[in-house]
Structures are given as C-alpha cells and as structure tokens.
Protein chains: 2
Amino acid sequence: MEPVTEATDLLKLDRQVCFALSIASRSVIGLYRPLLQPMGLTHPQYLVMLALWESEPLSVKELGELLQLDPGTLSPLLKRLEALGYVHRERNSHDERTLAVTLTPVGRRLRAEAEKIPPAIVARLGMDIEELEHLHTSLMRLIAATQRS
Amino acid sequence: MEPVTEATDLLKLDRQVCFALSIASRSVIGLYRPLLQPMGLTHPQYLVMLALWESEPLSVKELGELLQLDPGTLSPLLKRLEALGYVHRERNSHDERTLAVTLTPVGRRLRAEAEKIPPAIVARLGMDIEELEHLHTSLMRLIAATQRS
DNA sequence: CGCTATTAGTTGGTGCACAAATTAATCTAG
DNA sequence: CTAGATTAATTTGTGCACCAACTAATAGCG
C-alpha cells in the first residue's frame, strides 16, 4: 500500500475526469452508430449535416469554427458527403478561396429521417431531459474553461 | 422562421449534448497535448500508462475493459509504447494466448514526471475540484446509461 | 483422447483528428 | 500598381477508433 500523497490524489481525480470524458464521448457516439448507418453517415458527418440543416451555405472555415474541427479533417469529410450525394461543394464566385457547402435536395430531405434519431437516443439512455440539460451546461462550462487564454 | 415542432426541439437539445461531448473531449485532450509531448506520449497512451501505474501486469483484454477500447486499437498502441521503451510485452507462460504488459524501469520512473500534469491541467482550467467531481459523476451516469441493455 | 467451440490477440481496411507543408486567391503597404 | 503578407482549402503523414477476418492457444464435451 503506497502513501496517498497530494500528487497521486490529484492524479486519480484527474484521471477519472479525462477517462470519463473520453469514454462517455465514444459510448454516446456508439449509440448513434446503428441509427446513422442506414443513412450511410458517421457521427462527425451527422454533426456537419446538423450544422447545414440550421444554416446554409457554410464555408469550411465556418464549419470548422462551429464544430471546432481542423480544415484538414473537414476537407475529406465533405468530399465523402458529396460522394454520398448529400452536399454540394462549390467555390464562392466573389472569393475563390472559400468553399460554399450547400445541401442537395436529397440531403435536405434526409432531415426528416434524422429527426427520428434524437428521441430514440434519449429513450435509449433513459435519462431525464433535465439531467441531460444540466450535463450540457457543465460541458459547455468545461469547454469555455479549456478555451480561455 | 420555421415552427418549433417537438422533433426539431429534441433534435436541437440532443445536438447540443453530442456536440458538447465531442468538443469537450477533444478540447480537454488538446490541453494535455503540450504537456504529454515532452514524454512522447499521446493521450490514449497516457491513459494506458495510468492504468499500468495502478496495476501491473495487465493483458490486452484487461486494458480494453478498463479503457473501453478494442484490442485492434490497443495492439498497435502497445507496440508504440514498447518502441518508446516504456512497457514490455510478453506472452504469459501459463496461457500463451494472453499478453502480459508490464512497465519498464523507465516507464515506472515516468510516473514522477506525469504527476506534474494533473495539477497543471486543473490550474489551467480554473475550475473548482468540486465542480469537476460533479461533472465526473454526471459523466459516469451517462456512461452507465449507454451500457444498460 | 481428440474434435470442436471459445478466447486472446493481430492484421488490414475505412474514417476521424491534428499538425505541417503546399497552393491559390485576396489584401495591403508602399 | 505591385511585392509581400495574409487567408482558405487541400494534401500528406502519424496515430486513434472501430469492424471484420484471421491465427493460435486453450477449454470442454463426447
């Protein structure tokens, strides 16, 4: 039995938080997987579609800011969404550097199908909306904490 | 302005939760990155080291259960840790199927260095231990929720 | 005992995540 | 007006995550 110093104590608490965060994220994504599969979407692709269902068109830069993702991650992801026939990628005529990502009619219609997913997830989790909202608030505070200075 | 139906409402709440979870996880890992870099570790490798600092030896299966990771993920990761000189991989003599992953002396000594990380992270976050503990509890409840049935 | 099923780990393939280097377009100082 | 700086995307390379197929060892049943 080793002595519990302040260092090992902090190490343990912290370990639990970063463990929990990684595992929770992967576990929840795992819940989405079978629901997204029929549409041919991965979870990150689903997040991009959610962003586009809210606002269109979006540039790679704008998507990157919304999803906190690298252009190097989004670029090939968007090509796969285009290959699936859900989005259209076109250079902006006023600024040829930026890309205008828009939904295709098929991509727009997919939203109706996607709306069945969240209730299924919430039901599967069997947690109160209230508790989920509280968790969301805590996570947003954590995200804010990681981003100051 | 489109009408807020129950479906779009749920879609939004949920979107926020899965957004927040993914982004929080990646953001916190991003905080670790510069601290782990001097040791040559990635965050998943750090989690494996934490597990080994607590208990040794561990098999791939045991590590997979602790970290909720696939053997297909762990197998190459452990080889990289071995190449770094932090762990040793050896088949168990009583059951040649299982691998006994142990720390090397260098890997064991690395713990002292690693103990500096959590206080640095907590300081960087600037959040109460209490709030972090509460978040941890919520995350554990969420993980449990994803895993029943 | 020997055959079959199970178990542990590895391998190969796809896609995400991030960093660094690259390319092309636009902006801005002089 | 043009040279250099800045900006937006793409590309390349490494490593993680998951799945499915495979290999080898062990367990268990007849």
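So you know, we letter chains A, B, ... as the sequences are listed, proteins then strands, and number each from 1. Not measured: the values here are computed from a predicted model.
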Atom-pair distance ([atom1] on [X]; [atom2] on [N]), nearest Å:
X	N	atom1	atom2	value
A/E62	D/dA8	CD	C1'	11 Å
A/L74	D/dT11	CG	C1'	15 Å
A/L69	D/dA9	CG	P	14 Å
B/Q45	C/dA17	CD	C1'	15 Å
B/N92	C/dT7	CG	P	18 Å
A/L58	D/dA8	CG	C1'	15 Å
B/E65	C/dG9	CD	C1'	14 Å
A/H94	C/dA25	NE2	C1'	15 Å

Quiz item: Are the charged groups of A/E96 and A/R91 less than 4.0 angstrom apart, N to O?
Solution: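 Judged by the 4.0 Å cut-off on N to carboxylate O distance, A/E96 and A/R91 do not form a salt bridge.
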
Candidate nucleotides [options], ranked by approach to the side chain of [X] - the nearest:
X	options	result
A/T42	C/dG15, D/dT26, D/dT10	C/dG15
A/R26	D/dA17, C/dG15, C/dA25	D/dA17
B/V60	D/dA8, C/dT10, C/dA25	C/dT10
B/D70	C/dC18, D/dG15, D/dC18	D/dC18
A/L99	D/dA9, C/dT10, C/dC18	D/dA9
B/K79	C/dA8, D/dT7, C/dT10	C/dT10

Quiz item: Would the number of heavy atoms belonging to other residues, nucleotides or ligands and lying under 6.0 Å from CZ of A/R89 be above 12?
Solution: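 More than 12 within 6.0 Å, yes.
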
Exercise. Using the closest heavy atom to pick a nucleotide of DNA chain C for each, name whichever of A/P44 or A/D95 lands nearer the 5' end.
Key: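 Residue closer to the 5' terminus by nearest nucleotide: A/P44.
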
Do the side-chain N or O atoms of [X] get closer than 4.0 angstrom to the phosphate oxygens (OP1, OP2) of [N]?
X	N	result
A/T73	C/dA17	no
B/R89	C/dT10	yes
B/R97	D/dT23	no
A/T98	D/dT7	no

Practice problem: Taking B/Q45 for its side chain and B/T42 for its backbone only, find out whether a donor-acceptor pair lies under 3.5 Å. | Solution: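 It does hold such a pair.
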
Practice problem: Answer yes or no: is there a donor N or O on one side and an acceptor on the other, between the side chain of B/R108 and the main chain of B/L103, under 3.5 Å? | Solution: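 Yes, because the side chain of B/R108 sits within donor-acceptor range (under 3.5 Å) of the backbone of B/L103.
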
Quiz item: For A/L77, which contact category applies under a 4.0 Å heavy-atom criterion: base, sugar-phosphate, or nothing?
Solution: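 A/L77: backbone/sugar contact only, no base atoms under 4.0 Å.
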
Quiz item: Would you call the rings of B/Y32 and B/H43 parallel, tilted or perpendicular, where under 30° means parallel and over 60° means perpendicular?
Solution: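 If you compare the ring of B/Y32 with that of B/H43, the planes turn out perpendicular.
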
Practice problem: Could you pick out which residue, A/P76 or A/S22, lies toward the 5' side of DNA chain D when each is mapped onto its nearest nucleotide? | Solution: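 Its nucleotide being nearer the 5' end, the pick is A/P76.
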
Exercise. Have a look at A/V48 and tell me which of A/L81, A/V87, A/L69 forms a side-chain contact (heavy atoms from CB on, under 4.5 Å) with it.
Key: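 Between A/V48 and the candidates, side-chain contact (heavy atoms from CB on, under 4.5 Å) is satisfied uniquely by A/L81.
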
